[in-house]
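Quick caveat: nothing in here was measured; it's all calculated off a predicted structure.
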Amino acid sequence: MGDQPVRVLACGDVEGRLTGLFSRVQSIQKKSGQFDLLLCVGEFFGATPEAEAEWQQYKTGAKKAPIHTYILGAASPETVKNFSSSDGCELAENITYLGRRGVFTGASGLQIAYISGREAPQEPAPAHCFTSADLSALVTSLSSSSKFRGVDILLTSQWPRGVWHYGNAPEVNTKLCGSSSVASLADRLKPRYHFAGLEGSYYERLPYRNHVVLQENAQHVSRFIALAPFNNSAKKKYVYAFNIIPMKNMDPAELVKQPQDVTENPYRRPAKDKTDTKQAAFSAAEDEEPVHQFFFDLSSKQGGAFQGRGRKRPSDGDGRGRGHRGDWQPKEPRRHPQPTGPCWFCLASPQVEKHLVFSIGTHCYLALAKGPLTPRHVLILPIGHYQSVVDLSSEVVEEMEKYKSALRSFYKSKGERCVLFERNYRSQHLQLQVVPVPLDRCTTEDVKEAFTVQAQEQNMELMEIPQHTDLKQIAPPGTPYFYVELDSGEKLYYRIQKHFPLQFGREVLASEAVLNIPTRADWKECKQSREEEEESCKHLRDDFQPFDFAWDD
């Protein structure tokens, strides 16, 4: 496969609902094209008679999985009967049990490390549990090579204890959640992606470093994603789609790129940091034990637990750059990422045309578009310097979503639908274009078709992103792309290869099929005088105020 990305689906606890899962997979593949493999963490089998009957259909060949599916072993005594031995094997066509622990390397070179079951409470270990010997053997088999840099993917059923440190808080009881041994394993194996299940919750942690800044050479970041059970009643995310180029095929400089929202390693906290005052949901002041380093003394070369200096991520203050008329400076600009040179869109920059700004939140602001397609064509921009949506920290994403919701409500009150698009190509600061389209002009399906048809005419194929898939799962930081979000929630994506028409988004919306204002496709042809811009912005500010959450009470 060379440097071609492997397309992967990961799923949480299936609990025997195989037909439902594979129907969902087929639906995803119908919309987004074929994926190469499906990885399942947590409990794959169910313990009910219905689940057993369903499994028999796949076991006998009456039904077949539509994708190569790799599963972990039992995580409870009730499902042990489905695994005849601790060795990996094919259980049914296209359904493979990876084994008790080990490393699976695909034809592409993708390296997947795995450990089945839960941490054993005592010896001898029950069949659905792993032991310290399992972890020691797994770590030794990988890290004994001097070229070992980490694995592409780590699959565990249990969460790693303390993974939430320095990061965003999960919706679980952190006092009871996770295994210290899995945390130690993750620290040693440095997975680029680590998936887990069993907790009934979805949690995507901010990416974390595998090196100490200024003390060690830069290494790739790790991402931990916990997935909820399949088709859970709480509608929590249970499937995760992403593209990954195997580490062995990547350019080293590309591999170690650090995203904007990267945090310190949660497993390497110095003693002084282990009584965090900032607590996750449901936790008590002294809720976690230190990560148990039981297998770090495998050899003198490997040494003991890492003792590097960690630090807490700075917490946000209360200051908000609110929507006061004439007060357009963010209260604490130093907290936002800054550009290395002049930028027309960083709010603290002298180049910003502040007379176009009509709302300022804590992390984002709204501005009238320069040379707008329509009077209510606006931009959502981050206050700090971010190049694209996939580079944003979780706090910025959260506020950007609030602005999207506010604008949708605003446009709806005007009898309009909302179309958003982003061009991450030949641009240095994220500009999310938000364009209203009158409901009586065309349907959402018409807008979608207009984008698709015009893309095909220029030999570009827009891909539809699955509903529960975030853009950052499809486009790693640094990837040039064009992205569209429709009011139906449908999302279209094109990875820019070489050249891309800079006005493509405007051209589609200005076309006869949508707004029918073809002469306004180029913003330079729609320029207004400063006085006209100020008047338009004032009118927009007053009009939008009832929907503006950033406005002072």
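Residue Asp13 holds its CG atom at 9.0 Å from CG of Leu227, rounded to the nearest 0.5 Å. Taken from OG1 in Thr69 to CG in Leu37, the straight-line distance is 8.5 Å, to the nearest 0.5 Å. Distance check: His211 NE2 to Glu216 CD gives 8.0 Å after rounding to the nearest 0.5 Å. Put simply, CD1 on Ile67 and CD1 on Ile95 are 11.5 Å apart, with the number rounded to the nearest 0.5 Å. Summarising the geometry, atom CG belonging to Leu255 is positioned 9.0 Å from atom CD belonging to Gln219; distances are rounded to the nearest 0.5 Å. How far CD1 of Ile115 is from CG of Leu135: 5.0 Å, rounded to the nearest 0.5 Å.
In this structure, Ser32 contributes its side chain and Glu464 its backbone to a donor-acceptor pair below 3.5 Å. Of the possible donor and acceptor atoms, none in the side chain of His165 sits under 3.5 Å from a partner among the backbone N and O of Asn265. Checked by atom type and distance alone, the side chain of Ser27 never pairs as donor or acceptor with a backbone atom of Ser23 at under 3.5 Å. Side chain of Ser184 to backbone of Ser180: a donor-acceptor contact under 3.5 angstrom is found. Between the side chain of Glu399 and the backbone N or O of Thr362 there is at least one donor-acceptor pair closer than 3.5 Å. The main-chain N or O of Tyr403 is never found under 3.5 Å from a side-chain atom of Ser405 such that the two would form a donor-acceptor pair. Side-chain N or O atoms of Glu54 include one that pairs as donor or acceptor with a backbone N or O of Thr19 at under 3.5 Å. No side-chain donor-acceptor contact under 3.5 Å links Thr96 to the backbone of Leu98. The main-chain N or O of Glu204 is found under 3.5 Å from a side-chain atom of Asn168 such that the two form a donor-acceptor pair. Side-chain atoms of Glu422 never come within 3.5 Å of backbone atoms of Leu430 as a donor-acceptor pair (strictly under, hydrogens ignored).
Within the 4.5 Å cutoff, side-chain heavy atoms of Leu189 are placed close to those of Leu138. A heavy-atom distance below 4.5 Å is found between the side chains of Arg205 and Thr263. At least one side-chain heavy atom of Ser76 sits under 4.5 Å from a side-chain heavy atom of Glu43. By the 4.5 Å heavy-atom criterion applied to side chains, His128 and Ser116 are not counted as neighbours. Arg223 is listed as a side-chain neighbour of Ile225, based on a closest heavy-atom distance under 4.5 Å. Side-chain contact check for Val8 versus Leu39: some heavy-atom pair is nearer than 4.5 Å. Considering only heavy atoms from C-beta on, Asp261 comes within 4.5 Å of Pro207 through its side chain. With a 4.5 Å cut-off on side-chain heavy atoms, Leu432 and Leu381 do not count as touching.
In this structure Lys59 satisfies the salt bridge (Lys or Arg N to Asp or Glu O under 4.0 Å) test with no other residue, sequence neighbours excluded. With sequence neighbours left out, Arg17 forms a salt bridge (Lys or Arg N to Asp or Glu O under 4.0 Å) with Glu15. Under the rule for a side-chain hydrogen bond (donor to acceptor under 3.5 Å, both in side chains), Asn243 has no partner lying at least two apart in sequence or in another chain. With sequence neighbours excluded, the residues that form a side-chain hydrogen bond (donor to acceptor under 3.5 Å, both in side chains) with Glu485 are Lys404, Arg408, Tyr483. Residues passing the side-chain hydrogen bond (donor to acceptor under 3.5 Å, both in side chains) test with Glu93, sequence neighbours excluded: Lys64. For Asn82, there are no side-chain hydrogen bond (donor to acceptor under 3.5 Å, both in side chains) partners two or more places apart in sequence or in a different chain.
For the salt bridge (Lys or Arg N to Asp or Glu O under 4.0 Å) condition, the pairs that include at least one residue of residues 133-152, sequence neighbours left out, are Arg100-Asp134, Arg101-Asp134, Asp152-Arg192. The list of salt bridge (Lys or Arg N to Asp or Glu O under 4.0 Å) pairs with a residue in residues 81-91, not counting sequence neighbours, is empty. Applying the salt bridge (Lys or Arg N to Asp or Glu O under 4.0 Å) definition to pairs two or more places apart or across chains, none involves residues 240-250. The stretch residues 170-192 participates, sequence neighbours left out, in no ring pair (Phe, Tyr, Trp, His ring centres under 6.0 Å) pair at all. Evaluation of the ring pair (Phe, Tyr, Trp, His ring centres under 6.0 Å) test over residues 139-162, restricted to residues two or more places apart or in two chains, returns Trp159-Tyr203, Trp159-Phe224. Under the salt bridge (Lys or Arg N to Asp or Glu O under 4.0 Å) criterion, no residue pair touches residues 106-115, with sequence neighbours excluded.
Annotation for Arg7: atom CZ counts as buried by contact number, over 12 foreign heavy atoms lying within 6.0 Å. Within 6.0 Å of CD in Glu401 there are more than 12 heavy atoms belonging to other residues, nucleotides or ligands.
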Step by step, would you call Ser179 with Phe130 a side chain to side chain contact (heavy atoms under 4.5 Å, CB included)? CA-CA 11 Å; Ser179 158; Phe130 62 82; 4.2 Å; yes

Step by step, would you call Thr105 with Ile112 a side chain to side chain contact (heavy atoms under 4.5 Å, CB included)? CA-CA 6 Å; Thr105 304; Ile112 303 170; over 6 Å; no

Take Ser393 and Gln260 through the test side chain to side chain donor-acceptor pair (under 3.5 Å) and record every step on the way to the result. CA-CA 6 Å; Ser393 65; Gln260 291 272 10; over 6 Å; no

Tell me, with the steps shown, if Val6 and Phe35 meet side chain to side chain contact (heavy atoms under 4.5 Å, CB included). CA-CA 8 Å; Val6 182; Phe35 281 79; over 6 Å; no

Should Tyr58 and Phe22 be marked as a ring pair (Phe, Tyr, Trp, His ring centres under 6.0 Å) after you check the CA-CA gap, both sets of side-chain angles, and the distance that decides it? CA-CA 11 Å; Tyr58 289 89; Phe22 293 135; 5.5 Å; yes

Worked check of side chain to side chain donor-acceptor pair (under 3.5 Å) between Gln158 and Thr156: CA-CA 6 Å; Gln158 279 187 293; Thr156 64; over 6 Å; no

Intermediate values then yes/no, side chain to side chain donor-acceptor pair (under 3.5 Å), Asn210 and Ser222: CA-CA 7 Å; Asn210 283 298; Ser222 291; 2.9 Å; yes

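Residues Tyr481 and Tyr494 place their aromatic rings such that the two centres sit no closer than 6.0 Å. Residues Phe104 and Tyr70 bring their aromatic ring centres within 6.0 Å. Taking the centre of each ring, Phe45 and Phe83 come in below the 6.0 Å mark. Ring-centre distance between Phe242 and Phe195: below the 6.0 Å cut-off.
Checking Glu171 against Ser201 by side-chain atom types alone, no donor-acceptor pair falls below 3.5 Å.
For Lys236 and Tyr202, the positive end is not near the middle of the six-membered ring at less than 6.0 Å and at most 45° from its axis.
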